There are 4 protein chains.
Amino acid sequence: MARPLSTEAREKILSTAGEILLDTGVSGFTVDEVVRRSGVAKTTIYRHFDTSAQLIVHALDSIVAPFPTPNTGSLRGDLGAYCEITSQITCDARLRLLMLELLAAAAQNPELAKTKRAMFAERMGPVRTIIQLAMARGEISADVDADFATELAEAPFLAHLMIHGLDAPTEAQLDKMIEFVVAGLTGMGSDAAPAPAH
Amino acid sequence: MARPLSTEAREKILSTAGEILLDTGVSGFTVDEVVRRSGVAKTTIYRHFDTSAQLIVHALDSIVAPFPTPNTGSLRGDLGAYCEITSQITCDARLRLLMLELLAAAAQNPELAKTKRAMFAERMGPVRTIIQLAMARGEISADVDADFATELAEAPFLAHLMIHGLDAPTEAQLDKMIEFVVAGLTGMGSDAAPAPAH
Amino acid sequence: MARPLSTEAREKILSTAGEILLDTGVSGFTVDEVVRRSGVAKTTIYRHFDTSAQLIVHALDSIVAPFPTPNTGSLRGDLGAYCEITSQITCDARLRLLMLELLAAAAQNPELAKTKRAMFAERMGPVRTIIQLAMARGEISADVDADFATELAEAPFLAHLMIHGLDAPTEAQLDKMIEFVVAGLTGMGSDAAPAPAH
Amino acid sequence: MARPLSTEAREKILSTAGEILLDTGVSGFTVDEVVRRSGVAKTTIYRHFDTSAQLIVHALDSIVAPFPTPNTGSLRGDLGAYCEITSQITCDARLRLLMLELLAAAAQNPELAKTKRAMFAERMGPVRTIIQLAMARGEISADVDADFATELAEAPFLAHLMIHGLDAPTEAQLDKMIEFVVAGLTGMGSDAAPAPAH
DNA sequence: TGTTAAGCGAGACGGTACGTCGCGTCTTAAT
DNA sequence: ATTAAGACGCGACGTACCGTCTCGCTTAACA
């Protein structure tokens with residue numbers, strides 16, 4: 001006798017929400033605006049999503065896509081390849097903005113925190129594999145914690161986002177970052193001076 | 001000839017605003033709340049600050065304080081010392097939140113962007129000096145750009161903020177980060193190096 | 001299809017507004033005070049009434065009530081009877097004030113002008129009938145314009161309102177006014193000069 | 001030892017206030033607007049006039065001018081002449097508005113009430129003389145109270161103001177009003193009932 | 001002929017009301 | 001029972017005017 005929540009409505013809501021998020025960022029996001037643009041009733045939106053934050057979460061979730069993991073045979077090669085793979089995402093000013101806003105919002109909202117974690121996991125999974133491969137190859141000391149190393153590997157790219165905001169790094173800067181990361185990771189753990197990068 | 005804007009009111013506004021920012025973050029900041037807590041009239045607030053954003057800017061500005069620059073004779077020592085100096089700031093969850101929110105807001109508001117830049121400048125100035133000392137000592141290659149190296153040196157700490165939000169890094173993690181940074185910076189620039197990555 | 005404007009809210013708004021109008025007059029009328037007294041949200045008030053003036057209009061409209069038309073067989077008798085019928089209204093200081101304020105406001109606001117006209121129509125309709133009956137009886141010349149005569153018949157009462165403000169006329173004064181009106185109206189139109197007064 | 005309030009400032013204030021009153025009426029009158037237009041400081045205004053109402057009062061007072069009293073030898077002639085004398089004032093829509101607003105305001109503010117009374121006195125003084133002359137001539141019964149008769153004589157003109165607002169009466173209407181007043185006043189007081197009109 | 005207290009312009013101050021926007025909840029009719 | 005539509009209470013927004021206050025500067029009356 002009942003009637004299920006229509007997927008049609010849900011999708012219209014999510015795509016409109018995503019659109020708005022890209023247009024105006026989280027700060028400009030408004031349930032009323034979703035209503036206006038999508039023609040879906042506010043009641044319906046709140047029936048599908050308890051909270052406007054949850055709607056944002058789901059809209060963001062549908063934006064995230066998994067990345068393939070490169071395997072070039074060297075840490076440096078893999079990191080360079082991965083940079084190129086993700087560059088479409090990491091250089092889009094709108095996505096950079098969303099990421100920054102998400103970071104701030106996640107610090108106050110547990111649901112968004114979960115989404116943030118998922119996004120990082122998606123993005124950092126391949127990096128972790130890259131690290132583990134490098135450890136298997138001996139490029140990185142086995143003493144190093146893989147998860148922590150993954151964070152370190154991402155650090156320069158994330159820091160650039162924080163410091164320079166919407167302006168993506170240049171090719172040259174990316175190269176330097178990779179050089180730094182490779183030097184840093186290969187130089188860690190072994191008390192002896194950094195092993196020659198082979 | 002006219003009556004000057006009262007410094008008393010201004011200070012009451014700013015201190016109250018700062019208080020609220022620490023309590024609730026930028027997202028919970030409200031001019032009306034400033035009115036309630038400070039007893040200053042809304043009109044007066046808008047007489048002093050054109051925009052609520054400007055008020056936030058000035059409130060944040062008055063929170064920033066300069067840090068001393070350590071000089072222990074080694075890159076590793078200096079970074080460690082600086083970490084300890086700044087740890088009061090960098091470990092306060094409220095300030096971590098403010099920083100994250102500021103990053104997001106700065107991406108959309110030029111005035112806040114200026115404040116953000118000032119904050120980074122304050123924080124990163126000593127690091128830059130540390131880097132330059134290390135370059136003078138020969139620990140870091142003279143080929144490396146000092147500004148860029150400064151950003152790289154901060155990267156792990158900033159990245160931790162992004163990834164872990166309000167949870168500050170542990171002592172052990174800080175040690176590892178410093179180790180990573182030292183290895184990374186000292187390993188850069190020497191041409192004896194990595195095979196071309198692309 | 002949508003939810004209709006609730007009559008409950010509308011009535012609460014209107015009765016509260018009327019109450020305030022009687023308490024403080026138009027000049028002391030405030031939407032915020034309606035909010036406070038009625039518990040209805042300001043947004044809701046503005047949903048029902050575009051303008052505070054419109055709200056006043058409707059509140060006043062709901063105060064107006066039609067008067068019965070007397071028929072005693074003589075102009076003098078009818079006017080006297082009508083005076084007594086309307087005395088509750090015309091002697092209430094609060095309503096006298098409202099009327100004065102309405103007159104001033106109507107001169108500047110077309111909507112209030114409409115309400116003013118309606119109020120006068122309500123009040124003067126029976127007088128017009130009284131005049132027409134007198135004309136049919138031959139008490140008043142058929143040459144006289146009934147509408148204009150109606151205005152003349154009301155003139156002393158209205159003038160008293162203007163000159164004496166909130167102080168209503170005494171019984172004796174009302175009698176004299178009626179005497180004046182009867183003499184004036186019956187003496188008009190017939191070219192034969194008024195009978196010598198002594 | 002002190003310095004007297006400057007008449008220059010006072011006059012600038014009053015003339016500007018009068019200007020504004022004619023432009024926008026009492027309801028649009030604002031002390032801040034006087035400041036803007038006159039260049040006189042708000043402090044100075046409040047030094048000269050305790051209250052914005054008092055300022056309005058004095059501005060209106062300086063608008064009022066005495067009228068000459070006609071003497072044509074007959075009540076009808078005098079009233080007609082007086083009508084013409086005052087028509088410049090009584091037909092100016094801006095002054096009609098001011099009068100209506102003054103009536104409303106006077107009902108709530110004792111100071112404005114005083115001004116209103118003064119205005120009526122100025123305007124009705126000559127009418128009273130006209131009435132007294134007519135009583136001396138025997139046109140009006142000596143039994144009638146002169147003050148009350150004066151009010152009755154003005155009634156149609158005042159009533160027209162109330163009913164028709166800013167639209168002044170036409171010549172023809174004025175004639176009829178005078179006819180009505182003459183008939184009314186001459187028909188009063190003689191116990192001999194008014195002669196049947198047919 | 002100074003001195004000096006007041007007047008003066010300018011405009012900041014604490015208030016109150018304005019009319020608007022977004023929130024998340026609710027009610028209604030129609031499918 | 002879900003939907004579109006939109007009314008509801010709430011609270012923040014930024015503005016206008018109120019009448020009071022604090023500023024320096026200027027000026028007229030007194031010594």
Side-chain angles (χ1 to χ4, degrees), chain A residues 1-6 8-9 12 28-36 38-53, chain B residues 1-10 12 28-36 38-52, chain C residues 1-10 12 28-36 38-52, chain D residues 1-10 12 28-36 38-53:
Chain A
M1 199 142 187
R3 180 180 162 189
L5 291 171
S6 91
E8 193 195 345
K12 233 191 298 181
F29 181 86
T30 276
V31 175
D32 280 11
E33 181 64 18
V34 177
V35 170
R36 274 190 289 268
S38 70
V40 172
K42 221 199 296 202
T43 332
T44 305
I45 294 175
Y46 279 104
R47 208 172 281 119
H48 284 265
F49 307 96
D50 286 355
T51 291
S52 68
Chain B
M1 205 157 176
R3 178 182 179 182
L5 287 169
S6 91
T7 26
E8 194 195 344
R10 185 184 192 85
K12 238 189 295 180
F29 181 86
T30 276
V31 175
D32 277 10
E33 182 64 19
V34 178
V35 170
R36 251 169 271 147
S38 69
V40 172
K42 213 197 304 202
T43 18
T44 301
I45 294 175
Y46 280 106
R47 239 174 246 127
H48 284 261
F49 307 96
D50 286 355
T51 291
S52 67
Chain C
M1 205 156 174
R3 177 183 181 181
L5 288 169
S6 93
T7 26
E8 194 195 343
R10 184 184 192 86
K12 238 189 295 181
F29 181 85
T30 274
V31 175
D32 276 11
E33 182 64 19
V34 178
V35 170
R36 270 188 293 265
S38 69
V40 173
K42 211 195 307 200
T43 18
T44 301
I45 294 176
Y46 281 105
R47 240 173 246 127
H48 284 261
F49 307 97
D50 286 356
T51 291
S52 68
Chain D
M1 207 151 182
R3 179 181 164 188
L5 291 171
S6 91
T7 26
E8 195 195 344
R10 186 186 189 84
K12 235 191 297 182
F29 182 86
T30 275
V31 175
D32 279 12
E33 181 64 17
V34 178
V35 170
R36 274 190 291 266
S38 69
V40 172
K42 219 196 302 198
T43 332
T44 304
I45 295 175
Y46 279 105
R47 212 175 275 121
H48 284 264
F49 307 96
D50 285 357
T51 290
S52 69

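Below, read A as the first sequence line, B as the second, and so on, with proteins coming before strands; counting in each chain starts at 1. Since the structure is predicted, the reported quantities are computational estimates derived from the model, not experimental observations. Only this structure's heavy atoms are used, side chains among them; waters, hydrogens and symmetry mates stay out.
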Participant: OH of A/Tyr46 versus P of F/dA5: gap in Å, rounded?
Facilitator: 17 Å
Participant: Toward the 5' end of DNA chain E, which comes first, A/Ser52 or C/Ser52, by nearest nucleotide?
Facilitator: C/Ser52
Participant: Nucleotides 11-14 of chain E: which of its N/O atoms have a protein N/O under 3.5 Å away?
Facilitator:
unit_1: E/dG11; atom_1: O6; unit_2: D/Thr43; atom_2: OG1; d: 3.3
unit_1: E/dA12; atom_1: N3; unit_2: B/Arg3; atom_2: NH1; d: 3.0
unit_1: E/dC13; atom_1: OP1; unit_2: B/Ser6; atom_2: N; d: 2.9
unit_1: E/dC13; atom_1: OP1; unit_2: B/Ser6; atom_2: OG; d: 3.1
unit_1: E/dC13; atom_1: OP1; unit_2: B/His48; atom_2: NE2; d: 3.1
unit_1: E/dC13; atom_1: OP2; unit_2: B/His48; atom_2: NE2; d: 3.0
unit_1: E/dG14; atom_1: OP2; unit_2: B/Ala41; atom_2: N; d: 3.3
unit_1: E/dG14; atom_1: OP2; unit_2: B/Thr44; atom_2: OG1; d: 2.7

Participant: Starting at CZ of A/Phe49 and ending at P of F/dT3, how long is that distance when rounded to a whole Å?
Facilitator: 11 Å
Participant: Before giving the answer on side-chain contact (heavy atoms from CB on, under 4.5 Å), spell out for D/Tyr46 and D/Thr51 the whole-Å C-alpha distance, their side-chain angles and the decisive distance to 0.1 Å.
Facilitator: CA-CA 7 Å; D/Tyr46 279 105; D/Thr51 290; over 6 Å; no
Participant: Going by salt bridge (Lys or Arg N to Asp or Glu O under 4.0 Å), name the residues that satisfy it together with C/Arg36, two or more places apart in sequence or in a different chain.
Facilitator: C/Glu33
Participant: Which pair of non-hydrogen atoms, one from A/Lys42 and one from A/Val31, has the smallest distance, and what is that distance?
Facilitator: CG-CG1, 3.7 Å
Participant: Does any N or O in the side chain of A/Thr30 come within less than 3.5 Å of the main-chain N or O of A/Asp32, such that one atom is a donor and the other an acceptor?
Facilitator: no
Participant: Please give, in whole Å, the distance from E/dC18 P to C/Phe29 CZ?
Facilitator: 8 Å
Participant: Mapping B/Arg36 and B/Asp50 onto DNA chain F by nearest heavy atom, which one lands closer to the 5' end?
Facilitator: B/Arg36
Participant: Looking at every heavy atom in both C/Ala9 and C/His48, which two are closest together, and how far apart are they?
Facilitator: CB-NE2, 4.2 Å
Participant: Measure the distance from CG on A/Asp32 to P on E/dC23 and round it to the nearest whole Å.
Facilitator: 5 Å
Participant: Within the 4.0 Å heavy-atom criterion, would you say B/Val31 contacts the bases, only the backbone, or no part of the nucleic acid?
Facilitator: sugar-phosphate
Participant: Send over the distance from C/Glu8 CD to E/dC26 P, rounded to a whole Å.
Facilitator: 15 Å
Participant: Is there a donor-acceptor contact under 3.5 Å from the side chain of C/Thr44 to the main chain of C/Val40?
Facilitator: no
